[in-house]
**Student:** 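Could you have a look at this structure, given as structure tokens, before my questions?
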Amino acid sequence: MLKKILIANRGEIALRIIRACRELGIETVAVYSEADEQSLHVQLADGAICIGPAPASESYLRAERIIAAAEIADVDGIHPGYGFLAEDPDFAEQCEECRIKFIGPKSGSIRMMGDKAVARETVRAVGVPTVPGSPGVLADPNEAIKVAESIGFPVIIKAVAGGGGRGMRLAHNSMSFHREFAAASNEAAKAFGNGAVYVEKYIEEPRHIEIQVLCDEHGNRIHLCERDCSVQRRHQKVIEEAPSPFVTPELRKAMGEAALKAAAACDYWNAGTVEFLVDKDRNFYFIEMNTRVQVEHPVTEEITGIDIIKEQLRIAAGEPLGITQDDVKILRHAVEVRVCAEDPARNFAPCPGEITLYYPPGGHGVRLDSHVYGGYIVPPYYDSMIAKVITFGRTRELALDRMHRALSEYLIRGIKTNISFARAIVRDPVFAAGEATTKFVEDFLARTPRDLLARTNEELDQSTENT
Ligand code: ADP
């Protein structure tokens with residue numbers, strides 16, 4: 001087993017990794033920026049090294065500083081978490097060259113799947129269905145429009161380097177195509193330093209359903225079933241659940257097999273996620289593979305009882321998988337809400353600041369993955385997610401009732417959050433019926449008064465008492 005690792009991340013995922021290491025007897029070293037000195041991951045790790053000023057570009061994204069910290073601390077491995085350097089093939093390669101185990105796939109797999117156009121072609125070649133689209137990158141807008149016309153509008157123009165919903169534009173007809181093509185390319189050039197784009201058919205009202213895979217370094221590969229992440233705002237996930245209310249046992253089997261084919265095609269090892277869109281007729285299409293642990297991994301852990309972070313550590317230590325496909329069972333239903341420091345009344349603008357009062361939810365069937373506490377100051381420099389509330393139960397209905405109860409007892413004062421927004425979604429009849437597609441949030445917001453979403457738990461409880 002690994003003896004000591006460095007965690008190249010912050011926030012809840014850094015804590016999550018520290019916790020798994022503690023249980024396995026692995027020593028941990030945290031890295032932190034000047035803004036994170038008071039962070040829980042710094043307090044809880046066995047050691048901590050400051051790697052620079054607050055902006056991520058001067059700290060958490062500085063590969064050379066992280067490698068230097070790893071060498072000083074003399075660790076065996078680096079866990080990248082998600083975001084920051086987790087999907088940077090150059091960083092993984094530097095780790096390989098320095099003989100520090102990168103706790104994730106090899107750099108070659110990250111590089112292959114990191115280019116979405118290459119990823120599509122790679123999985124298509126082994127028989128995984130992809131969304132109809134251009135065979136590769138389209139450099140010339142006039143050539144691109146011909147491809148779009150042959151696919152049929154509407155089409156989506158996507159950056160090969162895209163992520164987090166950026167560098168993606170919808171074109172409804174050839175009139176708007178040129179404008180959207182330029183916009184997608186410019187946005188991608190700015191955000192990712194790579195403006196290359198390709199074109200895909202726009203699937204109408206699909207569900208976003210993804211398969212968690214675990215692969216060891218000896219060629220054993222299993223999947224841990226699906227997560228449904230259709231509840232998205234601007235292509236960013238808000239609520240995730242497992243199993244998907246839309247997936248039948250036959251579809252689960254077919255998608256699981258396709259995901260394992262995709263993993264084999266890039267010689268994948270460690271934990272990964274193969275993302276698909278599923279249309280109303282249950283046809284599924286590969287969109288991308290995330291070569292790291294995902295924010296929403298806890299719902300899979302709660303339905304299967306498998307600790308994904310511990311599996312990542314065991315795989316990185318060279319151990320063969322201790323679980324077979326037949327061992328993977330869906331034991332219950334789980335839901336996750338991403339709690340963010342943002343103001344729903346101001347178009348979900350980030351809302352950093354000091355948490356003046358904090359009372360977290362708990363009780364039967366509730367898991368809270370969070371790094372915040374009363375008195376914590378949410379810094380403005382990083383992602384606005386401050387907690388993940390995960391609830392679970394024997395049935396979907398029970399998991400959702402628990403989520404509503406957990407969110408209603410979650411008190412956070414001093415900053416605005418999306419808790420009331422999430423509470424309203426959990427009680428929405430379309431979501432509750434398991435009928436949400438990726439268009440759900442847009443429709444929901446159009447029919448819900450904004451002031452309702454910005455209310456605090458206390459205000460919401462008073463208004464329900466009064467009615
Ligand atoms: P990112 O890497 O930026 O997250 P993805 O390719 O994973 O981008 O897509 C994010 C989301 O965008 C999907 O979950 C889905 O809601 C929407 N989307 C992507 N491709 C399509 C498509 N071809 N048709 C319809 N919606 C799409």
Side-chain angles (χ1 to χ4, degrees), residues 82-83 86-88 110 112-124 128-134 137-138 144 147-148 151-172 177 180-181 183-185 187-192 194-212 226-241 244 246 255 259 262 272-281 283-292 294-296 338 383 385 436-444:
Y82 52 69
E87 287 176 291
D88 181 337
I110 303 177
M112 213 169 188
M113 290 295 155
D115 181 311
K116 290 192 187 184
V118 173
R120 268 170 59 91
E121 288 316 299
T122 305
V123 307
R124 208 165 62 91
V128 175
T130 55
V131 183
S134 57
V137 168
L138 294 166
V147 175
I151 302 167
F153 285 100
V155 298
I156 193 158
I157 305 153
K158 283 187 175 182
V160 296
R166 280 180 305 174
M168 202 160 26
R169 281 286 196 288
L170 184 60
H172 286 284
F177 187 84
E180 301 301 341
F181 187 88
S185 181
E187 188 175 293
K190 251 201 219 140
F192 312 108
N194 178 359
V197 295
Y198 63 102
V199 171
E200 234 174 48
K201 172 98 189 138
Y202 182 70
I203 311 282
E204 308 272 354
E205 304 202 23
R207 283 168 175 81
H208 173 117
I209 298 176
E210 58 189 33
I211 303 282
Q212 173 74 53
E226 80 281 1
R227 293 184 285 260
D228 192 321
C229 313
S230 301
V231 179
Q232 306 178 345
R233 200 182 71 83
R234 298 199 172 164
H235 307 303
Q236 294 256 42
K237 298 161 189 168
V238 181
I239 300 183
E240 303 98 344
E241 65 178 307
S244 165
F246 190 66
M255 291 181 74
T273 297
V274 185
E275 297 192 331
F276 297 96
L277 293 180
V278 182
D279 71 15
K280 60 180 188 323
D281 301 317
N283 298 306
F284 62 89
Y285 309 92
F286 170 91
I287 45 170
E288 66 165 340
M289 179 165 190
N290 287 135
T291 55
R292 52 163 164 87
Q294 295 206 221
V295 174
E296 59 272 24
R338 299 187 185 196
D383 192 88
M385 193 179 79
T437 68
T438 58
K439 209 167 156 279
F440 168 79
V441 171
E442 195 186 318
D443 294 346
F444 171 85

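Given the structure is predicted, the values throughout are model-derived calculations rather than measurements. Order of listing sets the numbers, starting from 1, for every ligand and every atom in it. The first residue in the sequence is number 1, and the count goes up from there.
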**Student:** Can you give the donor-acceptor pairs under 3.5 Å from side chains of residues 163-171 to other protein atoms, not counting sequence neighbours?
**Tutor:**
residue	atom	partner	partner atom	Å
Arg169	NE	Glu180	OE1	3.4
Arg169	NH1	Glu187	OE1	3.0
Arg169	NH2	Glu187	OE1	3.4

**Student:** Please determine if Glu296 and Lys237 form a salt bridge, counting it only when a charged side-chain N lies under 4.0 Å from a carboxylate O.
**Tutor:**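 Looking at Lys237 together with Glu296, the answer is yes, because their closest N to O distance falls below 4.0 Å.
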**Student:** Less than 4.0 Å between a side-chain N and a carboxylate O, is that true for Glu240 and Arg338?
**Tutor:**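 Counted as a salt bridge, because a side-chain N and a carboxylate O are separated by less than 4.0 Å.
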**Student:** In chain order, what residues pass the salt bridge (Lys or Arg N to Asp or Glu O under 4.0 Å) check against Glu200, with sequence neighbours excluded?
**Tutor:**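 With sequence neighbours excluded, Glu200 shows a salt bridge (Lys or Arg N to Asp or Glu O under 4.0 Å) to Arg120, Lys158, given in chain and number order.
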**Student:** May I have the N/O to N/O pairs between ligand 1 and the protein that fall below 3.5 Å, each with atom names and distance to one decimal?
**Tutor:**
residue	atom	partner	partner atom	Å
ligand 1	2 (O)	Lys116	NZ	3.0
ligand 1	2 (O)	Glu288	OE1	3.4
ligand 1	2 (O)	Glu288	OE2	2.8
ligand 1	3 (O)	Gly164	N	3.2
ligand 1	3 (O)	Gly165	N	2.6
ligand 1	6 (O)	Lys116	NZ	3.1
ligand 1	6 (O)	Lys158	NZ	3.0
ligand 1	7 (O)	Glu275	OE1	3.1
ligand 1	7 (O)	Glu288	OE2	2.6
ligand 1	8 (O)	Lys116	NZ	3.1
ligand 1	12 (O)	His235	ND1	3.1
ligand 1	14 (O)	His208	ND1	2.7
ligand 1	14 (O)	Gln232	OE1	3.4
ligand 1	14 (O)	Gln232	NE2	2.8
ligand 1	16 (O)	Gln232	OE1	2.7
ligand 1	20 (N)	Lys158	NZ	2.9
ligand 1	23 (N)	Glu200	OE1	2.9
ligand 1	23 (N)	Lys201	O	2.9
ligand 1	24 (N)	Ile203	N	2.9

**Student:** Which residues pass the side-chain hydrogen bond (donor to acceptor under 3.5 Å, both in side chains) test with Arg233, not counting sequence neighbours?
**Tutor:**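 Scan of Arg233 (side-chain hydrogen bond (donor to acceptor under 3.5 Å, both in side chains), adjacent residues dropped) gives none.
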**Student:** Just checking, any donor-acceptor pair under 3.5 angstrom between side chains of Asn290 and Thr273?
**Tutor:**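 Looking only at side-chain atoms, Thr273 and Asn290 do not form any donor-acceptor pair under 3.5 Å.
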